[in-house]
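Here's the structure, in structure tokens; my notes come after.
We use all heavy atoms of the structure for the numbers below, so side chains are in, but hydrogens, waters and symmetry mates are not.
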Amino acid sequence: MNELITAELVPAEVATTEPVEANDAYHRYVCDADQTGFWGTIDRWSDRAARWLNPILIKEARQSLKSRQFSGTFFLLLIASLFWMTVGVVTLAPDIYYVPSGVYMMTGYYFLLAIPMLAMVPLAAHRSLASELDEGTFEMLAITKLSALRIVTGKLGSALLQMLVYFAVLVPCFAFCYLLRGVDLPMIATTIVVVFTVSILLTTWGLLLSTIAQTRATQMLTLLMLLVTIFFAEIFSAIFVLSAVYTQQLIWDLEALLFTGLFGLVAVSCMVLFVKAAASRIAPVTENRSTPLRWIMFAQQLIWIGSIATFALWSNDDDVLMFGCLMLAGYWLLMGTLMLGESVDLSPRVLRTLPETTLGRMFLLWMIPGPGTGYMFALTTSATGILALGLCSLIVGGSIQPFVFAMLLIGYLLMYLSAVRLIMLVLERRFGSSMGLALAAMCSLLVLGIVVPSVFMAIVTGAPSSFYGVQETTNWMWTIYRVFEDQKLDEAVVAATLVLGGSLATLNLFLLFREFSFRHVATPTRVTQDEASPAG
């Protein structure tokens, strides 16, 4: 019977030249004919590209493009752009025929583009991933072969697709501004690049914040943090773009291109860090979620040091180096605090990735996940980077003040990170490892460092400190303020911070026996066979 049906439905020439194989992935009746020639090649390459695309991207694109939020925003953007073009032309007439008017029209079009790009897209991406975690649908994704990184990049790809649709609406309007004269093509290109870059940065930041929320309270807090970030991003982006548009001071020389490229690398590295951190937050606890992030942090420091050192050598200004040291110290204070909240337990899968040789353990020990290794990684890496920027001052102008300021910041990092490490050793026995707990401990210490000297002087003398001295060693805010405002740096305070921070760091070194006991674990034969099999 099957042979008769086949003979009736399939032509003889097809049946003889293209026999049906039992292991075909798809039956011939549900497949298009495999054509030859140019269009057949296009079909085959299109099919391969569709199979290569992230399935999360396809799912999110279908959902977002059909959602009311996207449809409403898209049509409102069309109506608003048409309304602004009509109002602008009517308002500027009849001078619009004789006077360059592209600047005024571009101001309105910038705000029409910035609102959906910098606000709607990051908020939609944040809510998309947060809803997966909140509504329990993420478990369905976790049991598939999709990795955590592919899930996050799929969400990011959907956001990029929405950005391209919004650009398709407003970019022709920028061409209309160019025809009205007053703005040139480099200015329009700069506006588009700035909005696009800031939008991606906010979107990746929103994805990271969505993975932090575990309860309703933290969801509201992370949403508030994202809204505050979007608010300031809108303000600073508008100031930069509109000041460049109105003053026409966009400089296209080697110096401007160099600095734009260097700080563009900083922005790209932040995007990569946010995406990887978001993927690590939702990855299984058995995976190594810390080592890739630490390599990214190390790369970010190299990029920052190169950017600040180049800028300082070009401008011959010590203040640039001091600013770079301050930002680097704040960065490692935050990252070191987060690493102090990591789990102390290592899964067998992580132990199998540890270095096998003694030389490898010597250089890569601090890349192993854990609060102790994270503490040492933050201290050694930050001290090296800050000291490198401080030594650049001797090359720039021969001033020793940036070098002394770098030593002060290293002392503060030693002091506060070491103190939080000791506190977490006590708290984790009762509450377990938690990044939120580490952040709370660090914030409390920073506040106490400012308040305690004033309280001490009020008890001793009857009034808060009226003059700066060694008693204000822990008051990091007053100390840094004096350096930048009054250009005064007390060497005794620097020495006191280094002594106090070094003492706490030495005490922590004696508590790192567990980290030095980590050893490589051989991969079991069963695991090797499962990974080598096609199904694995």
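In this structure, the side chains of Ile296 and Phe274 stay at 4.5 Å or more apart for every pair of heavy atoms. Using a 4.5 Å heavy-atom threshold, the side chains of Phe403 and Leu387 count as touching. Counting heavy atoms from C-beta on, the side chains of Val152 and Lys276 never come closer than 4.5 Å. Side-chain contact between Val275 and Met271 is absent, with no heavy atoms from C-beta onward closer than 4.5 Å. Counting heavy atoms from C-beta on, the side chains of Glu428 and Leu425 come closer than 4.5 Å. In this structure the side chain of Thr73 reaches within 4.5 angstrom of the side chain of Tyr166, judged on heavy atoms. Counting only heavy atoms from C-beta outward, the side chains of Leu123 and Leu227 approach each other to under 4.5 Å. Contact check for Leu242 versus Met106: no side-chain heavy atoms found under the 4.5 Å cut-off.
At least one donor-acceptor pair closer than 3.5 Å links the side chain of Tyr110 to the backbone N or O of Ala238. When atom types are taken as modelled, the side chain of Thr204 and the backbone of Leu201 share a donor-acceptor pair closer than 3.5 angstrom. The closest donor-acceptor contact from the side chain of Ser199 to the backbone of Met117 lies under 3.5 Å. For the pair Ser269 (side chain) and Leu265 (backbone), a donor-acceptor distance under 3.5 Å is present. Using modelled atom types, no side-chain atom of Trp476 and backbone atom of Gly449 make a donor-acceptor pair closer than 3.5 Å. Looking at Arg294, its side chain does come within 3.5 Å of a backbone N or O of Ile368 through a donor-acceptor pair. Of the possible polar contacts, none joining the Thr381 side chain to the Ala378 backbone as a donor-acceptor pair under 3.5 Å is found. Proximity of a side-chain donor or acceptor of Ser418 to a complementary backbone N or O of Met415 within less than 3.5 Å is not detected. Between the side chain of Thr473 and the backbone N or O of Thr497, no donor-acceptor pair lies under 3.5 Å.
Between atom CE of residue Met424 and atom CE of residue Met442 there is a gap of 10.5 Å, rounded to the nearest 0.5 Å. Residue Leu226 holds its CG atom at 9.0 Å from CH2 of Trp205, rounded to the nearest 0.5 Å.
With no hydrogens or angles considered, a side-chain donor-acceptor pair links Thr479 and Tyr412 at under 3.5 Å.
Aromatic ring orientation, Phe405 versus Phe484: perpendicular (interplanar angle above 60°, classes split at 30° and 60°). In this structure, Trp295 and Phe298 have perpendicular ring planes: the angle between them is above 60°, well past the 30° mark.
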Verdict with supporting geometry, Met163 and Ile200, side-chain contact (heavy atoms from CB on, under 4.5 Å): CA-CA 9 Å; Met163 295 179 196; Ile200 298 179; 4.1 Å; yes
Would you give me the side-chain donor-acceptor pairs under 3.5 Å for residues 325-336, sequence neighbours excluded?
from   : atom 1 : to     : atom 2 : distance (Å)
Tyr331 : OH     : Gln300 : OE1    : 2.5
Trp332 : NE1    : Gln301 : OE1    : 2.6

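For Ser307, the side chain to side chain donor-acceptor pair (under 3.5 Å) test picks out no residue, with sequence neighbours left out.
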